[in-house]
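The structure under discussion appears below in the form of structure tokens.
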Number of protein chains: 2
Amino acid sequence: MKKTATRADVARAAGVSVASVSRAVNNSGYIKKDTKERILEIAKNMGYNPNPIALSLQSQKTRQLILYQNDIITSYNLQFFNGATRAAYKRGYSIFLDINCEFDKIRRHLVDGVIFSLEALAEKYINTVGVNYYLPVVVTSNDASFSFAHPVHNVLIDNHKVVNMGIDYLMNKGHRKIGMVLQDKGKNSEIRYRIWKTRMEQYKRDSGINIDLDELVIRAEISNSENMHIGHLDPTLRLQSSDDNYTNYASFSIGKRAAEIYLKSNTSATALLCFNDDIAYGFIRGVEKNGVRVPEDISVMGIDGIYLREWLEKKITTVSIDPENLGTLSTNVMIDILEDKNPKYINWTSPKILEGETVKDITVR
Amino acid sequence: MKKTATRADVARAAGVSVASVSRAVNNSGYIKKDTKERILEIAKNMGYNPNPIALSLQSQKTRQLILYQNDIITSYNLQFFNGATRAAYKRGYSIFLDINCEFDKIRRHLVDGVIFSLEALAEKYINTVGVNYYLPVVVTSNDASFSFAHPVHNVLIDNHKVVNMGIDYLMNKGHRKIGMVLQDKGKNSEIRYRIWKTRMEQYKRDSGINIDLDELVIRAEISNSENMHIGHLDPTLRLQSSDDNYTNYASFSIGKRAAEIYLKSNTSATALLCFNDDIAYGFIRGVEKNGVRVPEDISVMGIDGIYLREWLEKKITTVSIDPENLGTLSTNVMIDILEDKNPKYINWTSPKILEGETVKDITVR
DNA sequence: CTGAAAGCGCTTACAG
DNA sequence: CTGAAAGCGCTTACAG
């Protein structure tokens with residue numbers, strides 16, 4: 001490996017001081033036009049390249065960020081990362097992905113800021129390494145209360161809108177017995193469940209119709225070994241680094257399990273809002289293998305808006321929170337912090353409906 | 001943001017020199033046990049963390065790598081990246097993904113080495129920025145001749161084995177009229193096509209059966225606008241940075257287009273080996289929407305071994321080149337270079353068959 | 001065992 | 001307009 005020229009080499013070759021080389025290269029301060037051009041010419045011929053590490057040491061900036069996510073395979077995480085890395089790139093930054101979430105290691109990393117695509121990970125970070133390590137933090141959160149508890153910048157998923165928008169859509173299509181498919185445990189599951197419940201109870205009161213809400217909910221869980229690779233569902237689960245298999249899309253499995261439960265149940269639901277699109281697809285696959293047709297026999301709606309919906313067997317109808325956009329936004333907020341542009345602490349995002357082929361219109365005309 | 005303590009602050013607080021602090025922190029050189037412990041205690045209380053940038057400037061190492069790929073969405077790229085980032089992490093390195101492949105920017109990046117998951121990108125780099133910028137390069141290549149033309153480390157996909165293994169598998173299942181589905185242009189398409197052709201001509205000679213080979217090949221292409229986001233098929237196509245849509249899985253589209261061509265054709269093929277799994281799935285989707293059943297009416301085999309085959313409607317039978325493993329290997333070769341472990345220049349990999357549900361056994365018993 | 005000093009490659013006030 | 005010098009935060013041969 002050829003040793004690269006330094007500013008001292010250039011200065012020597014040009015017979016000037018290193019300061020002048022700096023001024024020429026950076027086009028800063030006063031410098032005679034002739035000498036500047038001569039220096040640049042010589043620098044070019046020597047293949048001189050300013051050492052980025054030295055620049056960073058000087059500026060105390062690396063223009064590098066770190067993103068913590070438990071994987072890069074699940075749709076939400078992949079799309080979040082895609083948005084984040086593109087946004088960073090556009091503004092001259094780079095992003096690392098730390099899939100293992102070993103926060104301690106951040107002390108060895110050359111980064112200016114930390115991004116989380118999930119508040120549970122952020123919480124853990126803030127309460128451990130973050131206690132005495134001071135880097136700006138941006139977190140995409142499902143939980144508005146998180147932003148009160150922690151003095152970090154937030155990009156917020158408006159779950160109230162998400163769930164209600166989904167229910168509205170289904171109501172408009174004539175559905176009344178609208179159930180949910182949830183992962184059994186998980187804070188974010190509970191957040192969406194409570195919003196659903198509040199809304200459905202309201203509907204019961206307003207309409208005077210007696211509905212047994214419990215009977216509309218399907219809660220599924222997968223075994224621990226299946227769950228091994230999906231810390232994003234429960235970040236307290238340390239991701240096992242089995243060498244051979246990172247392909248376990250946990251949400252699909254949860255959806256399949258939910259399908260089994262559905263098939264054995266007597267639920268009167270005509271439509272099911274699933275916690276996310278991946279779960280919804282697992283569910284669809286599961287019930288269709290057993291002869292139940294979607295949407296003819298049961299309408300299914302997802303949440304997220306994953307890329308794959310364009311490519312899977314049936315395009316899902318979903319409430320899109322646009323994970324790619326969440327990644328983009330989080331990164332831009334981070335960079336705004338770093339560049340003293342004073343971004344807002346709370347940045348709400350809005351979901352929107354993406355129509356597909358999985359909801360049947362049962363309105364009576 | 002609280003200013004973090006430096007080694008000078010610690011030295012002052014402890015009443016020693018900065019050199020002693022270094023020795024204590026790094027556990028190097030001679031230092032009295034007592035003073036060492038006292039220094040470490042004080043450092044800890046001050047929340048001292050060695051500045052990683054300064055360490056890098058000193059060592060001229062960043063433990064950071066850059067990976068060039070045209071996207072993170074296509075299965076091959078996603079899995080390659082997944083393997084690469086995990087491998088790097090395990091050895092204490094980090095990887096950037098540069099999706100835009102603007103090679104010039106590498107001069108500003110804090111990286112020790114460069115990885116390519118596609119030789120065409122590497123070729124472009126080597127002939128431009130690489131000419132006078134000296135960083136070690138590792139490339140995963142489809143083309144053995146690439147390794148002779150360029151003095152860089154290679155991880156090689158053994159396409160000879162890949163294609164012949166696929167044909168062998170299909171022959172074993174009784175197929176003789178074995179065709180291919182290819183993207184119309186593309187160097188790697190041609191590589192696999194030629195191997196297929198050689199093999200099939202050999203079979204014609206050996207068996208004495210007269211087969212019209214041309215009639216077995218389907219070549220599909222998609223329009224330029226569709227192709228916009230998939231520079232990986234042709235790296236000379238600059239990736240457009242449209243803001244709203246990175247979801248275009250080009251290979252799916254090519255497969256769909258191939259399905260249209262297939263439906264209009266009179267090919268006598270009983271089995272088709274597709275350039276990759278994504279194309280194969282697009283093809284399957286395309287023909288099945290038109291009432292052709294896979295594998296009952298036509299057997300389909302892919303190449304790659306994508307994660308999604310576990311989750312798509314039908315598990316594909318494929319020749320796995322294990323993209324995740326290619327990412328892992330490339331990264332380990334890179335790190336071996338950096339750590340003077342003298343890895344081999346040519347690192348062959350072996351494909352293996354993954355059975356699925358898309359090939360029909362038509363042997364006569 | 002410990003400290004003063006030079007060095008990693010750069011920038012930027014300060015003098016001239 | 002230009003250079004010598006101090007500084008970014010660290011390491012490490014060299015004296016003592």
Side-chain angles (χ1 to χ4, degrees), chain A residues 1-40 42-43 46-64 107-112 133-135, chain B residues 1-40 42-43 46-64 107-112 133-135:
Chain A
M1 189 95 28
K2 198 159 130 192
K3 182 105 175 57
T4 62
T6 71
R7 123 240 91 148
D9 300 325
V10 177
R12 204 171 304 119
V16 296
S17 73
V18 293
S20 292
V21 177
S22 268
R23 286 190 270 259
V25 169
N26 299 328
N27 195 22
S28 71
Y30 298 102
I31 185 161
K32 212 200 302 181
K33 199 161 169 256
D34 290 5
T35 51
K36 175 176 157 186
E37 280 164 5
R38 195 166 53 84
I39 291 171
L40 289 180
I42 290 171
M46 297 178 76
Y48 171 68
N49 182 246
N51 182 314
I53 307 175
L55 293 174
S56 280
L57 179 59
Q58 189 65 36
S59 63
Q60 295 297 327
K61 295 201 161 61
T62 60
R63 299 183 80 83
Q64 298 187 159
R107 299 173 178 280
R108 308 256 84 118
H109 273 140
L110 298 90
V111 291
D112 300 333
Y133 197 67
Y134 306 96
L135 279 178
Chain B
M1 189 93 29
K2 199 160 131 189
K3 182 104 176 56
T4 62
T6 71
R7 125 239 91 151
D9 299 326
V10 177
R12 204 172 304 121
V16 296
S17 72
V18 292
S20 292
V21 177
S22 269
R23 286 190 270 259
V25 169
N26 300 327
N27 196 22
S28 71
Y30 297 103
I31 184 162
K32 210 201 301 179
K33 198 163 170 250
D34 289 7
T35 52
K36 174 177 158 187
E37 279 165 6
R38 195 166 53 84
I39 291 171
L40 289 179
I42 290 171
M46 296 177 77
Y48 171 69
N49 182 248
N51 182 314
I53 307 176
L55 293 173
S56 280
L57 179 59
Q58 188 64 38
S59 64
Q60 297 296 327
K61 295 205 161 64
T62 60
R63 298 182 81 83
Q64 299 187 157
R107 298 175 179 281
R108 308 255 82 120
H109 274 139
L110 298 90
V111 292
D112 299 335
Y133 197 69
Y134 306 96
L135 279 178

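Each chain gets a letter, A, B and so on, in the order the sequences are listed, and its residues count up from 1.
- The CG atom of A/Leu57 sits 13 Å away from the C1' atom of C/dG7 (whole-angstrom rounding).
- D/dG7 and C/dA4: their P atoms are spaced 16 Å apart (whole Å).
- With hydrogens and angles disregarded, a donor-acceptor distance shorter than 3.5 Å links the side chain of A/Thr62 to the backbone of A/Leu110.
- Between A/Arg38 and A/Ala14 the shortest heavy-atom distance is NH1-O, 3.0 Å.
- The nearest pair of heavy atoms linking B/Pro52 to A/Arg108 is CB-O, 3.8 Å.
- Atom CD1 of B/Ile39 is separated from atom C1' of C/dG3 by 12 Å (rounded to the nearest Å).
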Side-chain donor-acceptor pairs under 3.5 Å in residues 19-31 of chain A, sequence neighbours left out?
unit_1, atom_1, unit_2, atom_2, d
A/Asn26, ND2, A/Ser22, O, 3.3
A/Asn27, OD1, A/Lys36, NZ, 2.6

Problem set entry | Nucleic acid footprint by protein, nucleotides 10-16 of chain D - heavy-atom cut-off 4.0 Å, B for base, S for sugar-phosphate alone | BBBB---
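- Minimum heavy-atom separation, B/Arg63 to B/Asp112: N-OD2, 2.7 Å.
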Exercise. In dot-bracket notation, what is the pairing pattern of DNA chain D, taking Watson-Crick (N1-N3 plus N6-O4 or O6-N4) and G-U wobble (N1-O2 and O6-N3) contacts under 3.5 Å, with [ ] crossing and | for other strands?
Worked result: |||.||||||||.|||
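- When all heavy atoms of B/Thr6 and B/Tyr48 are compared, the pair lying nearest together is C-CE1, 3.5 Å.
- If you measure from atom OH of B/Tyr30 to atom P of C/dG3, you get 17 Å, rounded to the nearest angstrom.
- Distance, B/Asp9 CG to D/dC8 C1': 13 Å, rounded to whole Å.
- For A/Ser20 and D/dG3, the shortest distance from a side-chain N or O to OP1 or OP2 is below 4.0 Å.
- Separating the OG atom in B/Ser56 from the CG atom in A/Asn51 is a distance of 10.0 Å, to the nearest 0.5 Å.
- Taking each heavy atom of A/Thr4 and A/Asp9 in turn, the nearest pair found is O-OD2, 4.3 Å.
- An OP1 or OP2 oxygen of C/dC8 is reached within less than 4.0 angstrom by no side-chain nitrogen or oxygen of B/Ser56.
- Distance A/Ile31 CD1 to D/dG3 P: 8 Å, rounded to the nearest Å.
- To the nearest 0.5 angstrom, A/Ile39 atom CD1 is 10.5 Å from A/Lys32 atom NZ.
- Regarding A/Asn27, its CG atom lies at a distance of 12 Å from the P atom of D/dC1, rounded to whole Å.
- Regarding B/Ile53, its CD1 atom lies at a distance of 16 Å from the P atom of C/dG9, rounded to whole Å.
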